[in-house]
J.: 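This structure is in structure tokens; I'll ask about it shortly.
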Amino acid sequence: ETGVTQSPTHLIKTRGQQVTLRCSSQSGHNTVSWYQQALGQGPQFIFQYYREEENGRGNFPPRFSGLQFPNYSSELNVNALELDDSALYLCASSPGVGAGITQYFGPGTRLTVL
Amino acid sequence: AQSVTQLGSHVSVSEGALVLLRCNYSSSVPPYLFWYVQYPNQGLQLLLKYTSAATLVKGINGFEAEFKKSETSFHLTKPSAHMSDAAEYFCAVSDPGGGADGLTFGKGTHLIIQP
């Protein structure tokens with residue numbers, strides 16, 4: 001069983017640029033959630049996608065957007081990058097929605113904004 | 001709004017000693033609670049979760065946690081620490097009444113194991 005994978009592993013961008021991060025969910029999972037983990041902090045919920053629709057969103061501005069594809073893989077797009085966007089971005093998949101469902105995390109993408 | 005407080009950003013114990021990592025939550029309804037572990041340069045791995053069944057929850061690698069509603073706590077314990085337990089530990093809460101199913105995490109506790 002393949003777990004959650006993310007690409008790329010590391011990324012360096014400059015302020016004002018746009019970035020796309022990718023996530024492949026675990027086999028059989030139809031839900032993907034994205035989190036931002038700043039250095040020394042716990043992950044913060046960005047948004048969740050269920051069957052290609054946004055199912056919920058945390059306190060992040062609209063320049064953070066996403067997509068989910070028919071195979072349940074997902075993209076996180078960030079426009080107009082700011083220095084504070086430097087963080088580890090984690091993707092998590094789950095076999096459905098619901099507060100008690102376990103989310104399985106990928107290894108993350110480390111984004112550095114210069 | 002729900003929140004999670006993890007007391008102690010760093011906890012150091014000797015190998016073989018008891019591990020106790022503290023987590024207190026704030027939620028308007030009885031929540032679901034999770035403990036995750038993060039090893040360096042890796043994602044998060046679920047240790048255990050509480051979903052309103054038994055209040056004492058057993059997880060992987062010998063860890064367990066007890067849900068105490070009166071204390072709004074969900075502390076993580078392990079009777080005997082092993083060097084391989086050195087990692088970052090996160091407590092997280094999910095509110096059954098919330099609109100989005102995102103997890104709210106604490107800031108984490110770095111567990112150091114002394115030989």
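In what follows, every chain begins at residue 1, and chains take the letters A, B, ... in the order their sequences are listed.
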J.: Do Gln18(A) and Leu81(A) have side chains that approach each other closer than 4.5 Å (heavy atoms only, starting at C-beta)?
T.: no
J.: Quick check: under 4.5 Å, non-hydrogen atoms only, which of residues 60-70 of chain A neighbour chain B?
T.: none
J.: Could you check whether Tyr49(A) and Phe47(A) have their ring centres less than 6.0 Å apart?
T.: yes
J.: Do Thr72(B) side-chain atoms and Lys69(B) backbone N/O form a donor-acceptor pair below 3.5 Å?
T.: no
J.: Under 4.5 Å heavy-atom distance to chain A, tell me which part of Tyr50(B) shows up: side chain, backbone, both or neither.
T.: neither
J.: Give the member of Val4(A), Thr102(A), Thr31(A), Ile101(A) that has the highest number of heavy-atom pairs under 4.5 Å with chain B.
T.: Thr102(A)
J.: Side chain, backbone, both or neither: which part of Gln6(A) has an atom under 4.5 Å from a heavy atom of chain B?
T.: neither
J.: Go through the atoms of Leu88(A) and report whether side chain, backbone, both or neither lie under 4.5 Å from a heavy atom of chain B.
T.: side chain
J.: Once you measure the plane-to-plane angle for Phe105(B) and Phe90(B), does it fall in the parallel (<30°), tilted (30-60°) or perpendicular (>60°) bin?
T.: perpendicular
J.: Heavy-atom distance under 4.5 Å between the side chains of Tyr89(B) and Trp35(B), does that happen here?
T.: yes
J.: Who wins among Glu88(B), His110(B), Gln38(B), Gln6(B) for the most heavy-atom pairs under 4.5 Å with chain A?
T.: Gln38(B)
J.: If you check every heavy atom in residues 105-114 of chain A against those of chain B, which residues fall under 4.5 Å?
T.: Phe105(A), Gly106(A), Pro107(A)
J.: For chain A, which of Val4(B), Leu44(B), Thr104(B), Thr51(B) has the most heavy-atom pairs under 4.5 Å?
T.: Leu44(B)
J.: Which heavy atom in Tyr72(A) sits nearest to a heavy atom in Val32(A), and how many Å separate them?
T.: O-CG2, 3.4 Å
J.: For residues Ser9(B) and Lys107(B), is any side-chain donor paired with an opposing acceptor at under 3.5 Å?
T.: no
J.: So do Leu48(B) and Leu76(B) actually touch side chain to side chain, heavy atoms under 4.5 Å?
T.: yes
J.: Tell me, side chain or backbone of Gln45(B) under 4.5 Å from chain A's heavy atoms, or both, or neither?
T.: neither
J.: Would you please name every residue forming a side chain to side chain contact (heavy atoms under 4.5 Å, CB included) with Ser3(B), sequence neighbours left out?
T.: Ser26(B)
J.: Would you say the side-chain atoms of Thr109(B) pair up with the backbone N or O of Gly8(B), donor to acceptor, closer than 3.5 Å?
T.: yes
J.: Please examine the side chains of Leu103(B) and Gln103(A), heavy atoms only from C-beta on, and report whether any two atoms are closer than 4.5 Å.
T.: yes
J.: Taking the six-membered ring where the residue is Trp, are the ring centres of Tyr104(A) and His29(A) under 6.0 Å apart?
T.: yes
J.: Using distance only, find each side-chain donor-acceptor pair of residues 58-67 of chain B under 3.5 Å and give its atom names and separation, not counting sequence neighbours.
T.:
unit_1   : atom_1 : unit_2   : atom_2 : d
Lys58(B) : NZ     : Glu64(B) : OE1    : 2.8

